[in-house]
Every structure is written in structure tokens, then in C-alpha cells.
Amino acid sequence: MLDIQLIRSNPDDVKKRLRAKRVDESLVDGILNLDKRRREIQSKSDEMKKTRNERSKEIGNLVKQGQDASALKEETRLLGERIKDLDVDLKNIEEEQHQLLLTIPNMPHESVPVGESEESNAVVGEWGEKPNFHFEPKPHWEIGEKLDILDLPRATKIAGSGFPLLKGSLARLERTLISWMLDLHSREHGYVETAPPYLVNRKSMTGTGQLPKMEEDMYLCQVDDLFLIPTAEVPVTNIHADEILNGAQLPVYYVAYTPCFRREAGSHGKETRGLTRVHQFSKVELVKLVKPETSYNELETLLKNAEEVLRRLGLHYRVVALCSGDLSFSAAKCYDIEVWAPGMQKYLEVSSCSNFEDFQARRAGLKFRREAGAKPEFVHTLNGSGVALPRLMIALLETYQQPDGTVKIPDAIRGIFGADVLKN
RNA sequence: GGUGGGAUGGCCGAGCGGUUUAAGGCGGCGGUCUUGAAAACCGUUGAGCGAGAGCUCCGGGGGUUCGAAUCCCUCUCCCACCGCCA
């Protein structure tokens with residue numbers, strides 16, 4: 001959520017920055033109009049309440065002295081009715097303004113290139129090289145089918161298309177990777193391991209920005225009005241919702257493994273082969289709550305922490321800085337990490353590392369106090385995948401596949417996986 | 001799911017219709033004293049809106065009243081016991 005005071009004091013600047021994110025500026029004007037009306041009504045109501053408070057005190061004194069206060073009582077009662085009417089108006093306008101504010105996306109950071117679509121994204125880093133094969137590398141779905149470790153037809157029978165069924169060594173590989181990544185981030189990178197709820201309420205979904213605009217992308221359990229989480233970002237960022245943290249506690253780092261559920265409405269037929277785009281997947285997520293002045297440095301270290309996963313596994317990847325038009329609703333700046341999948345001959349996004357500045361903090365009520373007695377300030381929130389499992393496994397299968405159809409296990413996880421080669 | 005008891009400032013806890021602009025204690029911060037510290041004493045210490053005057057907030061929402069932390073209704077959550085279940 002944007003700061004209404006910022007919108008009020010710099011409307012043209014806000015409009016300009018939102019234009020880079022393809023937001024119609026009439027939305028901003030609508031909010032400014034409501035804001036003006038809101039403040040007028042509020043100050044009228046406040047004045048009348050002041051009068052009422054004074055009169056109530058007077059009445060109290062008169063009654064105490066045994067004098068007649070009925071005329072004053074009646075007069076005050078009428079005043080009270082007018083206040084009630086005003087407050088109903090006020091509440092409606094506040095609600096309308098709040099709902100409008102919730103639909104405005106975050107503004108891009110000044111370092112973000114302005115652009116309409118992913119064509120304007122910039123590759124800002126690259127690690128390793130595309131591996132060479134002396135045979136034709138297969139896509140992961142062929143490797144998985146051959147080894148009988150990936151069974152998409154049966155998963156479709158059970159749930160529908162877009163739901164994976166891992167078996168045998170692939171299921172084991174996923175479990176190994178989850179555990180290994182959690183250890184890496186918690187033991188070496190300083191993140192506190194968490195295991196959050198997989199279903200969350202509307203308030204949490206609104207706090208991180210999935211609601212109100214992306215409801216159709218989420219799975220909803222209607223009887224309880226709870227959503228299956230699309231990412232651990234939602235429960236984890238909301239851990240400290242409506243709290244004022246002690247400044248000395250910051251930065252707060254959390255890592256969580258959760259399954260993620262996404263309806264992927266409207267994306268059928270697009271990159272949906274195999275495990276590339278599924279409705280349910282596993283992910284290890286990194287979340288940071290930090291002081292505002294540190295958030296852009298924190299974004300860089302967050303990115304490094306996520307990259308470390310791919311480096312240790314020896315996977316070639318590149319880092320892409322998203323342009324303004326490609327940023328998600330809540331993000332001010334975002335890097336995507338894209339891992340190379342040689343069988344598909346494609347880079348696949350395995351992580352998005354974003355700085356949301358105070359956008360989510362305002363929605364979720366995430367504050368901190370610099371020192372005793374200081375005014376509460378909003379924290380900055382960040383998150384990034386560290387990393388998403390299906391595409392990571394795609395890259396592993398396709399990168400380390402061997403001519404006989406088996407797959408080598410990289411050194412980093414060989415010990416805990418318990419084998420050198422993935423067979424079936 | 002049933003019955004009963006709760007929800008007050010960072011924490012504990014009083015208040016049950018009008019100096020509550022929320023007592024008191026703990027904790028925090030500042031000061032006096034001290035070589036320094038502890039103890040003692042003094043002061044201070046919640047949030048939101050508003051340009052400001054000021055207004056609002058005692059779990060959420062609604063009601064009664066000139067006036068509600070206080071009375072009524074309702075919801076949520078917590079605790080206890082019972083039932084059901086992993």
C-alpha cells in the first residue's frame with residue numbers, strides 16, 4: 001500500500017512512477033478526491049465531538065448539583081445524532097479509499113529500467129556455462145518417464161493436469177534437496193527455520209498483496225474462507241503482522257519450506273510440459289524484515305544466498321533484473337534467477353528475489369522502533385525463493401543426465417542423498 | 001461441537017455509568033547520589049488520523065445513554081472441563 005500522505009504531497013511524481021508500471025493515473029485522482037472529502041468530514045465530526053464532550057461534562061456537573069439539565073440533554077442528543085450520520089459517511093469514505101489504495105501496485109525503485117514487458121529485462125549476471133553433451137540431451141519428462149520416477153498421467157488421474165507425482169528416487173531427491181537447502185540457509189546464511197501454516201486467511205493474503213487483485217489465481221477453501229498458500233512468503237511475511245518490533249532485533253531472517261498452490265489461471269498450454277508449470281510444487285523461501293536504509297543491500301545478499309544453491313550444485317544460471325512493467329504487484333525491485341535446462345534448451349525461473357520496501361509492511365502492519373521512545377516506523381520486507389524445487393530438479397536431471405538414461409548426483413548432496421547416481 | 005471463565009498500555013494488574021486526560025507495580029529511558037555500579041529517590045515512558053485546534057482507540061462489530069473500559073447484543077480468540085478425532 002502506498003502512503004496516502006506521499007500521494008497527497010507529490011501526486012505528479014507518484015503518477016509518473018506508477019505509469020512505468022502501467023497504472024492509470026485517474027485512479028490516483030480518485031483517491032485524492034476521496035481523501036479531501038474524508039478530511040473535511042473528519043474535521044467537522046471532530047469539532048462536533050469536542051462540543052459534545054464539553055456538554056456532557058457540563059451535564060454531569062449540573063446533575064451533581066441537583067439542577068435541571070433536560071434542555072441541555074435534549075440539545076446534546078440532537079448533536080449526537082448529527083455526529084452519528086457524519087461518522088457513517090466518514091466510515092464509508094474511509095473504506096472506499098482503503099479499498100482503492102489496496103488496488104494500487106507498488107512503485108518501481110529508481111534503479112529499475114522502465115519497460116513494458118520482459119523484453120526490457122536486463123541480464124546482470126551469469127555463472128557457469130552451458131554443459132556440452134556428446135549425445136542429444138533429453139528433456140526431464142523423458143528422463144523421468146524412462147526411470148519411472150515421474151508419473152504425470154497417474155497424477156492427472158488422481159487430481160487433474162498440472163499436479164505432479166514423484167516416485168522412488170525423484171521423491172527422495174526432492175526431500176534431500178529441501179533438507180539440504182534448509183540447512184544451507186539456516187546454518188550458513190543465518191535464517192531462522194520456520195514451518196508455517198499452509199492455509200491462510202484473507203487478511204494475510206491482503207498483507208502481502210495477493211488480494212484483492214489476484215484472488216482468481218488462488219485455491220480457496222470456501223467453507224472456511226481460507227486460501228492455500230501460493231508461496232511461503234504469505235504466512236512468513238505475516239508472522240509479525242500488527243507488531244512493533246524492537247529495532248535491535250532487525251534484521252529478521254526466516255527460511256521456510258512449504259508446498260505452494262497456484263491455479264495458474266489462463267496459462268494453460270504455455271510452458272506447461274512436464275514439471276515446468278504445475279499447480280502444486282515445493283519451494284524453500286527466504287524472507288527478510290529489515291531497516292529501510294539497508295533494504296537494497298539486503299536484496300543483494302538475499303540474491304547471493306539463493307544463487308549459492310545453484311553454485312553448489314554446479315548448475316549454470318543467469319540473473320535478470322526485471323524492468324518496471326514486468327515487476328509483480330508488490331515489488332519495487334526484483335531479480336529473477338534463471339537456471340539452464342539443457343534438455344529443454346531454456347532458462348527457467350527458479351527464484352524471484354524482491355524488495356517490497358514498505359509496501360507490504362503498510363498493508364500487514366509491520367513496524368519497528370529504532371530505540372526506546374522513538375516513533376514506530378515501517379520495516380522493509382524482502383523475499384526470494386531459495387529455490388523452487390520442480391525447476392531445480394529439471395535442471396539437475398537435464399544437466400547431469402548420462403547416455404544410459406541415469407542421472408549423476410552432484411557432490412554437494414551425494415552424501416545425504418546416499419547414492420552417486422539417480423536410477424529409479 | 002457442548003458448558004463455564006476470561007480478553008485493559010511492552011508485561012502484570014485495578015477500575016464495573018461522569019476529575020479514567022486508565023490507579024498501582026514491573027520493565028524501558030532520563031536525572032540525583034556514587035570513583036563506577038547496585039540500592040534508594042525524582043521525572044518520564046502506548047497507537048492512529050489531522051495543517052492545526054482537536055478527535056479516536058481498554059479483543060472486533062453493533063446497540064442503550066447527554067456521557068460507556070464500565071450496561072446490553074453479537075463475533076473472534078484464549079483458558080478449563082466434557083464429547084469427537086489424528
Side-chain angles (χ1 to χ4, degrees), chain A residues 1-11 31-102 195-207 221 223-227 235 238-250 252 289 358-379:
Chain A
M1 195 158 58
L2 299 182
D3 182 4
I4 182 64
Q5 298 189 31
L6 177 74
I7 300 176
R8 195 188 297 143
S9 55
N10 298 305
I31 284 183
L32 285 170
N33 281 334
L34 280 176
D35 185 53
K36 187 155 173 266
R37 274 169 63 204
R38 195 196 97 235
R39 283 184 302 152
E40 282 166 4
I41 294 177
Q42 170 129 26
S43 95
K44 207 187 285 179
S45 165
D46 283 357
E47 241 165 73
M48 287 162 77
K49 280 175 182 165
K50 185 189 176 188
T51 309
R52 181 178 65 182
N53 290 344
E54 288 165 356
R55 289 196 189 157
S56 290
K57 225 163 251 176
E58 253 178 80
I59 292 168
N61 288 333
L62 288 175
V63 169
K64 215 174 280 175
Q65 291 161 23
Q67 297 184 33
D68 175 45
S70 52
L72 193 54
K73 268 194 192 179
E74 176 59 13
E75 198 185 321
T76 312
R77 190 182 64 77
L78 292 171
L79 181 66
E81 279 174 10
R82 288 207 284 149
I83 291 173
K84 201 176 280 180
D85 289 344
L86 269 187
D87 280 352
V88 168
D89 288 352
L90 184 62
K91 208 177 160 189
N92 288 338
I93 288 180
E94 272 175 353
E95 183 58 23
E96 196 181 335
Q97 181 180 345
H98 185 67
Q99 291 307 321
L100 265 180
L101 270 175
L102 287 177
Y198 302 158
L199 277 81
V200 297
N201 55 31
R202 278 180 191 276
K203 184 173 182 296
S204 298
M205 286 293 246
T206 307
C221 300
V223 279
D224 297 300
D225 205 32
L226 292 171
F227 292 85
N238 278 287
I239 288 175
H240 296 291
D242 297 320
E243 290 182 25
I244 300 173
L245 298 167
N246 185 335
Q249 288 173 253
L250 297 178
V252 171
L289 309 182
D358 65 7
F359 187 83
Q360 293 181 325
R362 276 178 200 285
R363 294 174 156 242
L366 295 162
K367 297 184 173 183
F368 77 103
R369 212 190 299 276
R370 276 182 199 277
E371 63 232 5
K375 278 275 164 216
E377 301 171 52
F378 289 108
V379 302

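FYI, side chains are in, hydrogens and waters are out, and symmetry mates aren't considered; it's all heavy atoms of this structure. Letters go in sequence order (proteins before strands), and every chain restarts at 1.
- In a base pair of the Watson-Crick type (N1 to N3 plus N6-O4 or O6-N4) or a G-U wobble (N1-O2 and O6-N3), with each distance short of 3.5 Å, B:G17 is matched with no nucleotide.
- Atom P of B:U64 sits at a distance of 16 Å from the matching atom of B:A69, rounded to the whole Å.
- Rounded to whole Å, atom P of B:G54 lies 12 Å from atom CD of A:E47.
- Contact check, A:K49 against B:C49: no side-chain N or O comes under 4.0 Å of OP1 or OP2.
- A salt bridge does not link A:E95 to A:K91: none of the charged nitrogens lies less than 4.0 Å from a carboxylate oxygen.
- Contact check, A:K375 against B:G46: no side-chain N or O comes under 4.0 Å of OP1 or OP2.
- Taking atom CZ of A:R8 as the reference point, atom P of B:C49 lies 9 Å away to the nearest angstrom.
- Defined by atom type and a distance below 3.5 Å, a donor-acceptor pair is missing between the side-chain atoms of A:D46 and A:S43.
- Distances shorter than 4.0 Å separate some side-chain N or O of A:K84 from OP1 or OP2 on B:U64.
- Going from the P atom of B:C57 to that of B:U34 covers 49 Å, rounded to whole Å.
- Residue A:N53 places at least one side-chain N or O under 4.0 Å from the OP1 or OP2 atom of B:C55.
- Closest heavy-atom contact between A:L32 and A:R8: CD2-CA, 3.7 Å.
- A:K44 comes within 4.0 angstrom of no nucleic acid atom, judged by non-hydrogen atoms across all strands.
- Across B:C66 and B:C73, the matching C1' atoms stand 23 Å from one another, rounded to whole Å.
- In this structure, the nucleotide among B:U56, B:G61, B:G50 sitting nearest to the side chain of A:R39 is B:G50.
- Between the C1' atoms of B:G25 and B:G15, the separation comes to 15 Å (whole Å).
- Taking 4.0 Å as the cut-off between side-chain N and carboxylate O, A:D85 and A:R82 do not count as a salt-bridged pair.
- Annotation: B:A22 and B:G54 have their P atoms spaced 16 Å apart (nearest Å).
- Taking the P atom of each, B:G59 and B:G9 are spaced 8 Å apart, rounded to whole Å.
- Partner assigned to B:G24 is B:C12, using Watson-Crick or G-U wobble distances below 3.5 angstrom.
- Closest-nucleotide positions on RNA chain B for A:P376 and A:G80 were compared, and the one nearer the 5' end corresponds to A:P376.
- For the pair A:N61 CG and B:G67 P, the interatomic distance rounds to 16 Å; values are reported in whole Å.
- Here A:K203 lies out of heavy-atom contact (under 4.0 Å) with every strand.
- Side-chain atoms of A:R362 never come within 3.5 Å of backbone atoms of A:L2 as a donor-acceptor pair (strictly under, hydrogens ignored).
- When rounded to the nearest whole Å, the span between CD of A:Q97 and C1' of B:C49 equals 11 Å.
- Between the CD1 atom of A:I93 and the P atom of B:G50 there is a distance of 14 Å, rounded to whole Å.
- Residue-level contact check: A:I59 touches the bases, meaning some heavy atom is under 4.0 Å from a base atom.
- Atom C1' of B:U35 sits at a distance of 24 Å from the matching atom of B:C29, rounded to the whole Å.
- The pairing partner recorded for B:G4 is B:C79, the criterion being a Watson-Crick or G-U wobble arrangement whose two distances lie under 3.5 angstrom.
- Ranking B:A47, B:G54, B:U56 by closeness to the A:K50 side chain, first place goes to B:G54.
- Comparing the same atom, C1', in B:C72 and in B:U56 gives a spacing of 23 Å after rounding to whole Å.
- By the 4.0 Å N-to-carboxylate-O rule, A:K44 lies too far from A:D89 to be salt-bridged with it.
- Checking B:A86 for Watson-Crick or G-U wobble geometry (two distances, each under 3.5 Å) identifies no partner in any strand.
- Residue A:S56 is in base contact, counting any heavy-atom pair closer than 4.0 Å across all strands shown.
- What separates CD1 of A:I4 from P of B:A51 is a distance of 11 Å, to the nearest Å.
- A:D46 has its CG atom 4 Å from the C1' atom of B:C55, to the nearest Å.
- B:G30 is paired with B:C42 under the criterion used here, namely a Watson-Crick or G-U wobble arrangement in which both key atom distances are under 3.5 Å.
- Across all strands, A:R55 comes closer than 4.0 Å to no nucleic acid atom at all (heavy-atom distances).
- The two atoms that bring A:R363 and A:G207 nearest to each other are CB-O, 3.3 Å, heavy atoms only.
- Regarding A:E54, its CD atom lies at a distance of 20 Å from the P atom of B:G18, rounded to whole Å.
- Listed here is the closest heavy atom pair of A:L199 and A:L226: CD2-CB, 3.9 Å.
- At a threshold of 4.0 angstrom between heavy atoms, the contacts of A:Q5 are confined to the sugar-phosphate backbone, with no base atom among them.
- Position along RNA chain B of the nearest nucleotide to A:D35 versus A:R369 favours A:R369 as the more 5'-ward residue.
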